Amino acid sequence: MTTMTTGSDTLTRDALAVLQPGFTGTSAPDWLLRRIGEGLASVGLFGRNIVSAPQVAALTTRLRAERDDLLVAIDEEGGDVTRIEVRTGSSFPGNLALGAVDDVDLTREVARELGRRLAECGVNLNWAPSADVNSNPDNPIIGVRAFGAETDLVARHTAAYIEGLQAAGVAACTKHFPGHGDTNVDSHHAMPRIDVDLDTLHARELVPFRAAIAAGSKSVMSAHILLPALDPARPATLSPRILTGLLREELGYDGLIVSDAVEMQAIAGTVGIERGSVLAIAAGADALCVGGGLADEGTVLRLRDALVRAVRDGDLAEERLADAAARVRALAAWTSRARGDVAAPGAAVQEGTAPGTGSEIGLVAARRAARITASPSWRPLEQAPYVATFTPVMNIAVSSETPWSIGDELAALLPGTESGTYGTDSSAADVLGAAGERRVVAVVRDEHRHPWMSAALDALLAARPDTVVVEMGVPRATPRGALHVATHGAARVCGRAAAEAIAGV
């Protein structure tokens, strides 16, 4: 049972101000509107809250009727991680594709267009970009969400992305500080650990965050990862040494520090979300992301009361909580001023218009990112093929609702194209039986991380050397097949770019 606070109104409002909760449904529940009136300063949107651009615009307008400077946040990286286009796939190719092109002007324009669309819907804080250096190719959670594995490339594209996004009036939230790229554990499920020395951290992980700070990133998101070289006892989100000592004092960052979701098992399964929230604010975090999994009023009240109780018990300095709340309100004030440069929520959104219409800069980027390796005998397909998609278990950051592969995009160019999905218990014989005489297009994702997938593809190519291969993850395996297309991501536009290469459009 939640214990209702009886502390000062200011203390209660500050405790609410540092929360960034989610909710269920596509309209604002009464409890959320009531808590906004009591001091809640931020709300997070997820795929479950989104049907269309006009609906999101109406939702954010209703929320701001309670508080005009409300921060409305979203986890919209583009590419594999999309919320605005959760049911269709993204109109933007994602970070790895942008890094593969390595044109910072293109990255800036893609981020600006993404920001414009978010601003039209009334979203003013994006939990993006990922500034992680994907130095571990077996990383189960970052992968195509990173601009790449090369430090300087990641740094320059992180800066360009921030500049583009914030030029549209949407605050960037650079993540996952101090760097999640060298992990082999997903912090949604357990506590990752990075065992490298300080020199390596400064030369690799921290370089993109220095670039983000120089570019003026309005917020930075902490990671639930343990770095013994910095703090052998506490993960970054709970570490004063990392958040205050390193990020604030050593790197000179003065913006908003946001925690990654406190209900992730690296926090919830260790110290618990209430204690974790108190420790995070005490360590230097200013806002607590919660709501991807726990999206109810009870969670908001539990965390609010835990913070108030910690102040009253002397476990959290009241000045630290007040400072955190002030930073949240300062960012809210910036977004309110920035809204003067963009259309009011919904003003440029017509009923029936799906997110992702308008400028095709995302498709342009996806086409440029596609890496095509063709055999000497390759000719574009003229007849409808069979698309076999080998599907790994997805990381939790990618919504299970979001479609991927190229079947629909190829069917638009070659009518009659049929598709099938294959998992760990599938064989090449299963694919060949379903394909019949049709040409096979095999779609894989992070083949290098999945031996079963690699074995199935090898068998398929041995039986049908004319098979087309599309790699939609991190392309580390040797290109093979009559045509090999590395898309550097599984966004809808990446599928379109691959389909065009296959059909010779």
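Every value quoted in this text rests on a predicted model; they were computed, and no experiment measured them. Position 1 is the first residue of the sequence, and the numbers go up from there. Reckoned from all heavy atoms, side chains included, excluding hydrogens, waters and symmetry mates.
Taking 4.5 Å as the limit, every side-chain heavy atom of Leu246 sits out of range of all side-chain heavy atoms of Tyr253. Taking the side chain as every heavy atom from C-beta outward, Tyr161 and Phe147 approach each other to under 4.5 Å. Between Asp102 and His157, the closest side-chain pair of non-hydrogen atoms falls below 4.5 Å. Side-chain contact check for Val300 versus Trp31: some heavy-atom pair is nearer than 4.5 Å. Leu96 is listed as a side-chain neighbour of Pro475, based on a closest heavy-atom distance under 4.5 Å. In this structure, Pro129 and Glu77 have side chains that are not in contact, with every pair of non-hydrogen atoms separated by 4.5 Å or more. Looking only at side-chain heavy atoms (C-beta outward), Leu238 and Ile267 come within less than 4.5 Å of each other. Within the 4.5 Å cutoff, the side chain of Glu85 has heavy atoms near those of the Ser91 side chain.
Atom-to-atom distance recorded for Met221:CE and Cys173:SG is 4.5 Å, nearest 0.5 angstrom. Separation of atoms CG (Leu19) and OG (Ser277) is listed at 7.5 Å; rounding is to 0.5 Å. Here the straight-line distance linking atom CG of Leu59 with atom CZ of Arg64 works out to 10.0 Å at 0.5 Å rounding. Between the CZ atom of Arg156 and the OG1 atom of Thr107 there is a distance of 9.5 Å, given to the nearest 0.5 Å. The CG atom of Leu230 sits 5.0 Å away from atom CD1 of Ile242, with the distance rounded to the nearest 0.5 Å. For the atom pair NE2 (His448) and OG1 (Thr478), the distance works out to 12.5 Å, reported to the nearest 0.5 Å.
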Please step through side chain to side chain donor-acceptor pair (under 3.5 Å) for the pair Arg145 and His180, ending with a clear verdict. CA-CA 11 Å; Arg145 300 168 65 196; His180 212 310; over 6 Å; no
Does the pair Glu109 and Arg112 meet the rule for a salt bridge (charged side-chain N to carboxylate O under 4.0 Å, His left out), with working shown? CA-CA 5 Å; Glu109 288 308 308; Arg112 187 194 302 268; 3.4 Å; yes
Intermediate values then yes/no, side-chain contact (heavy atoms from CB on, under 4.5 Å), Val290 and Met264: CA-CA 9 Å; Val290 62; Met264 292 163 63; over 6 Å; no
Chi angles and distances behind the side-chain contact (heavy atoms from CB on, under 4.5 Å) call for Arg204, Glu150: CA-CA 8 Å; Arg204 188 179 64 189; Glu150 196 271 307; over 6 Å; no
So Asp296 and Thr299, side chain to side chain donor-acceptor pair (under 3.5 Å) or not? Walk me through it. CA-CA 6 Å; Asp296 59 283; Thr299 297; 2.9 Å; yes
I'd like to know whether Val220 forms a side-chain contact (heavy atoms from CB on, under 4.5 Å) with Val258, so could you lay out the CA-CA distance, the side-chain angles of the two residues, the decisive distance to 0.1 Å, and finally the verdict. CA-CA 6 Å; Val220 168; Val258 182; over 6 Å; no
Pair Leu45, Phe23 - check side-chain contact (heavy atoms from CB on, under 4.5 Å), show working. CA-CA 8 Å; Leu45 299 183; Phe23 60 97; 3.8 Å; yes
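Counting all heavy atoms, side chain and backbone alike, Val154 lies closest to Asp132 at CG1-O, 3.9 Å. Across all their heavy atoms, Arg13 and Gly37 have their closest contact at NH1-O, 3.4 Å. Considering every non-hydrogen atom in both Gln55 and Thr26, the closest pair reads NE2-O, 2.9 Å. In this structure, Gly362 and Val493 approach most closely via the heavy-atom pair O-CG2, 4.0 Å. A pairwise comparison of heavy atoms in Ser222 and Thr237 identifies OG-OG1, 2.7 Å as the closest pair. Taking both residues in full, the closest heavy atoms of Glu76 and Ala128 are given as O-CB, 4.0 Å, listed atom of the first, atom of the second, then distance.
The pair Asp323-Arg327 meets the salt-bridge criterion, with a side-chain N (NZ, NE, NH1 or NH2) lying under 4.0 Å from an Asp/Glu carboxylate O. A salt bridge links Arg108 and Glu163; the closest N-O separation between the charged side-chain nitrogens and carboxylate oxygens is under 4.0 Å. A salt bridge is absent between Arg445 and Glu471; no separation between the charged side-chain nitrogens and carboxylate oxygens falls under 4.0 Å. Using a cutoff of 4.0 Å between basic side-chain nitrogens and carboxylate oxygens, Asp75 and Lys175 are scored as salt-bridged. Arg248 has a carboxylate O that lies under 4.0 Å from a charged side-chain N of Asp286, or vice versa, which qualifies the two as a salt bridge. Salt-bridge formation is detected for the pair Glu297/Arg34: a Lys NZ or Arg NE/NH1/NH2 atom is positioned less than 4.0 Å from an Asp or Glu carboxylate oxygen. For Arg116 and Glu113, the salt-bridge test passes: some basic side-chain N is under 4.0 Å from an acidic carboxylate O.
Around the CG atom of Asp195, the shell of radius 6.0 Å holds more than 12 heavy atoms that belong to other residues, nucleotides or ligands.
Asp103 contributes a side-chain N or O that, together with a main-chain N or O of Asp105, makes up a donor-acceptor pair within less than 3.5 Å. For the pair Glu263 (side chain) and Gly291 (backbone), a donor-acceptor distance under 3.5 Å is present. Using modelled atom types, one side-chain atom of Thr60 and one backbone atom of Val56 make a donor-acceptor pair closer than 3.5 Å. With Asn49 contributing its side chain and Gly25 its backbone, the two residues share a donor-acceptor pair below 3.5 Å. Asn134 places no side-chain N or O within donor-acceptor distance of the main-chain N or O of Ala146, the cut-off being under 3.5 Å. Remark: side-chain polar atoms of Gln20 are not paired, donor with acceptor, to backbone N or O of Gly44 under 3.5 angstrom. Checked by atom type and distance alone, the side chain of Thr335 pairs as donor or acceptor with a backbone atom of Ala332 at under 3.5 Å. For Asp446 (side chain) and Gly473 (main-chain N/O), no donor-acceptor pair under 3.5 Å exists by modelled atom type. Distance alone, capped at 3.5 Å, places no donor-acceptor pair between the Arg368 side chain and the Leu106 backbone. Not one N or O on the side chain of Thr402 forms a donor-acceptor pair closer than 3.5 Å with the backbone of Gly89.
Of the residues Leu201, Asp152, Val133, Thr158, the one that meets the side chain to side chain contact (heavy atoms under 4.5 Å, CB included) test with Val207 is Asp152.
Note on ring orientation: taking the six-membered ring where Trp is involved, the planes of Phe177 and Phe209 are perpendicular (angle over 60°, cut-offs 30° and 60°).
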Side-chain atoms of residues 212-219: list all donor-acceptor pairs with protein atoms under 3.5 Å, sequence neighbours left out, distances to 0.1 Å.
| unit_1 | atom_1 | unit_2 | atom_2 | d |
| --- | --- | --- | --- | --- |
| Ser217 | OG | Thr174 | OG1 | 2.8 |
| Ser217 | OG | Ser219 | O | 2.8 |
| Ser219 | OG | Ala172 | O | 2.7 |

Side-chain donor/acceptor pairs under 3.5 Å, residues 65-74, sequence neighbours excluded:
| unit_1 | atom_1 | unit_2 | atom_2 | d |
| --- | --- | --- | --- | --- |
| Glu66 | OE2 | Arg62 | NH1 | 3.1 |
| Glu66 | OE2 | Arg62 | NH2 | 3.4 |
| Arg67 | NE | Asp69 | OD1 | 2.8 |
| Asp68 | OD1 | Arg339 | NH2 | 3.2 |

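Judged as a salt bridge (charged side-chain N to carboxylate O under 4.0 Å, His left out), and not counting sequence neighbours, Arg476 has no contacts.
For the residue pair Asp197 and Thr200, a side-chain donor N or O sits within less than 3.5 Å of a side-chain acceptor on the partner.
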